[in-house]
2 protein chains.
Amino acid sequence: MIKRSSARDRILETASQLFQERGYSEVGINEIIDKADTAKATFYQHFPSKESLCTEWLKAVHERSERVRQEILDSDLAPAEKIDRYFVGLGQFLEENDFRGCPYTNTGAVIDEECACIREKIESHKLAIRAFFHKLTAELCPTGRRAKALGDTLFLLFSGATVEGQNLRSLWPVEAARAAAGELCARESDPTAS
Amino acid sequence: MIKRSSARDRILETASQLFQERGYSEVGINEIIDKADTAKATFYQHFPSKESLCTEWLKAVHERSERVRQEILDSDLAPAEKIDRYFVGLGQFLEENDFRGCPYTNTGAVIDEECACIREKIESHKLAIRAFFHKLTAELCPTGRRAKALGDTLFLLFSGATVEGQNLRSLWPVEAARAAAGELCARESDPTAS
DNA sequence: TCATAAACAGACAGACTTGTCTGTAAAGTG
DNA sequence: CACTTTACAGACAAGTCTGTCTGTTTATGA
C-alpha cells in the first residue's frame, strides 16, 4: 500500500496552496483541514496556532526563492544575463500562480501591526532580494560606485513588476521591467552607448 | 448648536480611516458604526452592503489622487520637475499613513476573484497612474519614441517604491526611486551625458 | 402644529471563526 | 502481544461576522 504523506505535510501543502490563492486572512482552518483530509485535533497537534502555520508557510516560500537566487548566482552567466533570468523567472512565477503576486507582501497587508514575528520575516525576505541585486550590480560594474544605486533601482523595478502584474493580471509589467533592467545594465557596462 | 455632519459622512470617513489603517477585510461593520457613533440600521439605510462601502471609499481615494495628478500637470514646472514632485508626494503620503501603502493594492490582495466591480476599479486606477507618467514622458521627450517605455519604467519604480516602503516601513525606497527617476529623465533629455 | 423622514438603540438570525476537548481507531515498535 | 505514538471524528465553547428587523426618538419642513 502506498504510504500517504504525513498529516503535517498535507496540512502545510494544502495551506500553502490556499494561502497563495486567496490570501492568509481569507482562508480558515476548517477549510484547510477539510481539503487536507485531516482532523482538527491533528492540526493542533502539529501547529500551535494558525499564525504558526503562516510562519511555516512563509519560511518555505523564502527558502525556495533563496534557492532560485543561489542557482542564478552560481550559474556561469554574465551578470546582466543573470538579472534578465531573474525577471524571466518572475514572469513564470506570476503565471503559475494566477498573478497572485508576492506572498510576503500580500500577507503583510493583512496581519496586524503587533505581529512582530511575521513583520520581521517580511523585512528580511525583501532585504534578501535587494542584497541579491546588489551582488549582481557589484559584479556588473566592479569599479562603479553607482552599483548600489543601480541595485536598488532593479529591486524596485522587480517589486513594481510583481505588484502591478498582480493588480493588472497581466505580464506586461514584468516585460517592461525586464526591458528597463536590460537597458540599465547595458548602459552601466558601456556608459558611452546611447 | 453645531450641526453634526450627517451619519453617512461620518460612516464613510470613519470607514476610510480604518480601512486605510488595517485593511478592508480586517475591519468589521460593527467597529465602523461604533466609532462613527451611529446605529447599524442607519448604516444599512445608506449602504446596501459592506462591499458598497468599499467601492465608495475607493472612489473617493481615486478622485483625490486624480486631483493631485491634475494639479501637477497644470503646474508650470518642467516635466522632470513634475515627476520629481510626484515622488515627493508619495513619500509624504506614506509617512502620513504610517506606511500602509496603496489602498487599491491592499484591497486587491484580499477581495475575491469574482468581485469584478472592485477589480475593475483597481485596474483603472493603476492605468490612470500609468497614463499620468506617459503624459509626462511624452512632454519630456517629444521626439523620442522611447517615451512610452520610459513612462512604464517610472510607473514601475513608483509602484515598487510604494510597496517596498510599506513592507520595510521605510522611506528609502521612495528616495531611491526618486533618484533613479531623476537620472533617467536627465539622461533622456540630454542623451549625451554620462 | 402636524406629518414625514431620518437617525437612533439594539435584539436577533444564521453562518462563520479559532481553538479545546473527549474518545476511538489505526499503525508502528519493543 | 502489549505499548506508545499518531491520526481520526466531531461536539463544543466563545467569539466574530454581515445583514434584518422592530420599535422609539429626534429633526425638518409645510
Can you confirm whether the side chains of [X] and [Y] place a donor and an acceptor under 3.5 Å from each other?
| X | Y | answer |
| --- | --- | --- |
| A:Ser159 | A:Lys126 | no |
| B:Arg10 | B:Thr14 | no |
| A:Asp152 | A:His134 | yes |
| A:Asn97 | A:Glu21 | no |

#### Entry: 5' precedence on DNA chain C between B:Ala39 and A:Glu51 (nearest-nucleotide basis)
B:Ala39
Atom [atom1] of [X] and atom [atom2] of [N]: how far apart are they, to the nearest Å?
| X | N | atom1 | atom2 | value |
| --- | --- | --- | --- | --- |
| A:Phe43 | D:dA9 | CZ | P | 17 Å |
| B:Ile29 | D:dC17 | CD1 | P | 10 Å |
| B:Leu53 | D:dG19 | CG | C1' | 14 Å |
| A:Lys50 | C:dT18 | NZ | P | 5 Å |
| B:Arg22 | D:dC17 | CZ | P | 9 Å |
| A:Ile32 | D:dC8 | CD1 | P | 15 Å |
| B:Asp9 | C:dA7 | CG | C1' | 14 Å |
| B:Ile33 | C:dA11 | CD1 | P | 12 Å |

### Query
What does A:Ala41 touch in the nucleic acid at a heavy-atom separation under 4.0 angstrom: a base, only the sugar-phosphate, or nothing?
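Base contact.
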Any side-chain N or O of [X] under 4.0 Å from OP1/OP2 of [N]?
| X | N | value |
| --- | --- | --- |
| A:Asn30 | C:dT17 | yes |
| B:His46 | C:dA6 | no |
| B:Thr38 | C:dC8 | yes |
| A:Arg10 | D:dC8 | yes |

### Message
Suppose we call a contact any N or O donor and acceptor under 3.5 Å apart; does that hold for the side chain of A:Lys40 and the base of C:dG19?
### Response
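Side chain to base: pair present.
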### Query
After noting the C-alpha distance and the side-chain angles of A:Asp98 and A:Gln20, does the key distance pass the side-chain hydrogen bond (donor to acceptor under 3.5 Å, both in side chains) rule?
CA-CA 10 Å; A:Asp98 282 309; A:Gln20 172 71 42; over 6 Å; no
